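Data first, discussion second: the structure below is written as structure tokens.
Residue indices begin at 1 and follow the sequence shown. Only a predicted model underlies this, so the values are computations on that prediction, with no experimental measurement involved.
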Amino acid sequence: MATVIPKVEVLSSRITRFLGCNPGSFTLQGTNIYLVGTGKRRILIDTGEPRKPEFISNLKETCSEQNISLQEILITHWHKDHSGGIQDIFEGLQLDPASTPVKKFPRNPFREERLENPLKYSFMKDGDTLKTEGATLKAIYTPGHTDDHMVLYLEEENAIFSGDCILGEGTAVFEDLFTYMKSLQALVSLGPSIVYPGHGPVLNDAVQKIQMYIDHRNMRESQILEALNSSEKAMTAMDLVKIIYTDTPEHLHSAAAGNVHHHLTKLEKEKRIEAEGETESMDCHWKSKL
């Protein structure tokens, strides 16, 4: 049974978590939004989806009761369940855009990302350090889930805010498996003790969980190769999902097929399998080179 996440919870002396009130198949109980620091001006990590008045009310009430204002807002990646609530937060908390920057990594390759005037993004770079009273955050570029994804390392707790790179339950989807695996390896090398994920409960066995993600992807790759090697026919990503993802609900098969497709393109680049058709298409058929 999944751990029930309260809509507002103090996790440590410097972290309060808000639930974005946007439950769903891919968001689990909702997006986790974190208020970080111990002083009167604190850092907010992610903003949830647009038009979620209960979340805005909870954030506004907490800030009002504790006389807290926002020093800045950090966005782990561009997906709307993490960046979509920016405008609502500025309006609900009556923030001044001139004194409350909104920061993230740029898309790669770069593309224009517009917010509603007068709001705009300030772009960060790998290794940037952000400080507020009681907390020091280091921005770590971790592409793979998206091309702009960042993880934030909290020095005072040897912890990471993992966005969607690591989830509190289940495994994450990704855009590029090669870069995603490199990002996971970098997080293992960092050696955090705690993961504050973008969705799901806090993880206190951080390195073991990250290594589990690596092992899981390697297992899926082995299953894909085994299925292709044992078949006389070429198969699509969805064909492979139906063979491999037997314990996954059918409504999640399309997301699983996306992950399998990324495995297939990686294996094709490594010349371990070959494609029959356009490799960017989900209808592409694949077969073993054995």
Just by distance, do the side chain of [X] and the backbone of [Y] share a donor-acceptor pair under 3.5 Å?
| X | Y | value |
| --- | --- | --- |
| Lys182 | Thr142 | no |
| Ser69 | Arg41 | no |
| His145 | Cys165 | no |
| Thr27 | Gly24 | yes |
| Asp46 | Ile33 | no |
| Asp96 | Ala98 | yes |
| His262 | Glu175 | yes |
| Thr47 | Gly85 | yes |

With a 6.0 Å cut-off (strictly less than), is the heavy-atom count around [atom1] of [X], excluding the residue itself, greater than 12?
| X | atom1 | result |
| --- | --- | --- |
| Glu226 | CD | no |
| Arg111 | CZ | yes |
| Gln208 | CD | yes |

Name all residues meeting the side chain to side chain donor-acceptor pair (under 3.5 Å) criterion together with [X]; count only those two or more places apart in sequence or in a different chain, and write none if there are none.
| X | result |
| --- | --- |
| Asn158 | Tyr153, Ser193 |
| Gln211 | Asp215 |
| Glu156 | Thr136 |

Original post:
What class does the angle between the rings of Tyr196 and Phe161 fall in, given that below 30° is parallel, 30 to 60° is tilted and above 60° is perpendicular?
Top reply: parallel
**OP:** Just say parallel, tilted or perpendicular for the rings of Tyr180 and Phe174, cut-offs at 30° and 60°.
**Re:** parallel
According to the salt bridge (Lys or Arg N to Asp or Glu O under 4.0 Å) rule, which pairs have a member within [range], sequence neighbours left out?
| range | answer |
| --- | --- |
| residues 9-33 | Glu9-Arg17, Arg14-Glu157 |
| residues 53-72 | Lys7-Glu54, Glu72-Lys103 |
| residues 128-137 | Lys125-Asp128 |

Shortest non-hydrogen contact from [X] toward [Y]:
| X | Y | answer |
| --- | --- | --- |
| Phe178 | Asp176 | N-OD1, 3.2 Å |
| Thr38 | Ser13 | CG2-O, 3.6 Å |
| Gly198 | Ser162 | N-OG, 4.1 Å |
| His263 | Leu177 | ND1-CD2, 3.2 Å |
| Phe105 | Ala139 | CE1-CB, 3.8 Å |
| Ala257 | Ala237 | O-CB, 3.6 Å |

Any [X] side-chain heavy atom under 4.5 Å of [Y] side chain:
| X | Y | answer |
| --- | --- | --- |
| His82 | His149 | no |
| Ile86 | Glu116 | no |
| Phe123 | Asp148 | no |

Measuring from atom [atom1] of [X] to atom [atom2] of [Y], what distance do you get when rounded to the nearest 0.5 angstrom?
| X | Y | atom1 | atom2 | result |
| --- | --- | --- | --- | --- |
| Thr100 | Leu70 | OG1 | CG | 6.5 Å |
| Ile243 | Ser230 | CD1 | OG | 7.0 Å |
| Glu155 | Lys138 | CD | NZ | 8.0 Å |
| Leu228 | Leu264 | CG | CG | 6.5 Å |
| Lys40 | Asn67 | NZ | CG | 4.5 Å |
| Ile194 | Asp205 | CD1 | CG | 11.0 Å |

Subject >> Salt bridge Glu113-Lys104, side-chain N to carboxylate O under 4.0 Å >> reply: yes
**OP:** Walk me through it: do Lys52 and Asp81 pass the test salt bridge (Lys or Arg N to Asp or Glu O under 4.0 Å)?
**Re:** CA-CA 11 Å; Lys52 299 298 177 184; Asp81 59 319; over 6 Å; no
**OP:** Run through the side-chain heavy atoms of Ile, Leu, Val, Met, Phe, Trp and Tyr, join any pair under 4.5 Å, and report what else lands in Leu252's cluster.
**Re:** Phe26
Subject >> ILVMFWY cluster membership beyond Leu19 - transitive side-chain contacts under 4.5 angstrom >> reply: Ile5
Original post:
With sequence neighbours excluded, what pairs up with Asp239 under the side-chain contact (heavy atoms from CB on, under 4.5 Å) test?
Top reply: Met235, Thr236
**OP:** Taking side-chain contact (heavy atoms from CB on, under 4.5 Å) as the test, write out the residues that go with Pro97, two or more places apart.
**Re:** Phe90, Pro118, Leu119
Original post:
Would Leu267 and Ile224 satisfy side chain to side chain contact (heavy atoms under 4.5 Å, CB included), going step by step from the backbone distance to the final call?
Top reply: CA-CA 10 Å; Leu267 290 167; Ile224 290 166; 4.1 Å; yes
**OP:** Using the test ring pair (Phe, Tyr, Trp, His ring centres under 6.0 Å), find all partners of Tyr121 that sit at least two apart in sequence or belong to another chain.
**Re:** none
May I ask whether [X] and [Y] are part of the same hydrophobic cluster, defined by side-chain heavy atoms of I, L, V, M, F, W, Y residues being less than 4.5 angstrom apart, directly or through others?
| X | Y | result |
| --- | --- | --- |
| Trp78 | Leu74 | no |
| Leu11 | Leu167 | no |
| Met219 | Val260 | no |

Original post:
For the ring pair Tyr245 and His253, is the centre-to-centre distance below 6.0 Å?
Top reply: no
**OP:** Identify which one of Ile43, Val36, Leu130, Leu44 satisfies the side chain to side chain contact (heavy atoms under 4.5 Å, CB included) criterion when paired with Gln71.
**Re:** Ile43
**OP:** Under the side-chain hydrogen bond (donor to acceptor under 3.5 Å, both in side chains) rule, what do His77 and Asp147 come out as? Steps first, then yes or no, please.
**Re:** CA-CA 8 Å; His77 62 293; Asp147 54 42; over 6 Å; no
**OP:** Given side-chain hydrogen bond (donor to acceptor under 3.5 Å, both in side chains), test His199 with Asn32 step by step and report yes or no.
**Re:** CA-CA 5 Å; His199 305 274; Asn32 293 328; over 6 Å; no
Original post:
What's the verdict on side chain to side chain contact (heavy atoms under 4.5 Å, CB included) for Leu137 and Thr129, showing C-alpha distance, side-chain angles and the deciding distance?
Top reply: CA-CA 6 Å; Leu137 295 168; Thr129 298; over 6 Å; no
Under 3.5 Å, which donor-acceptor pairs link side chains of residues 271-285 to any protein atom two or more places apart or in another chain?
| unit_1 | atom_1 | unit_2 | atom_2 | d |
| --- | --- | --- | --- | --- |
| Arg272 | NH1 | Glu221 | OE2 | 3.2 |
| Arg272 | NH1 | Glu270 | OE1 | 3.2 |
| Glu276 | OE2 | Lys287 | NZ | 3.3 |
| Ser281 | OG | Asp283 | N | 3.0 |
| His285 | ND1 | Asp283 | O | 3.1 |

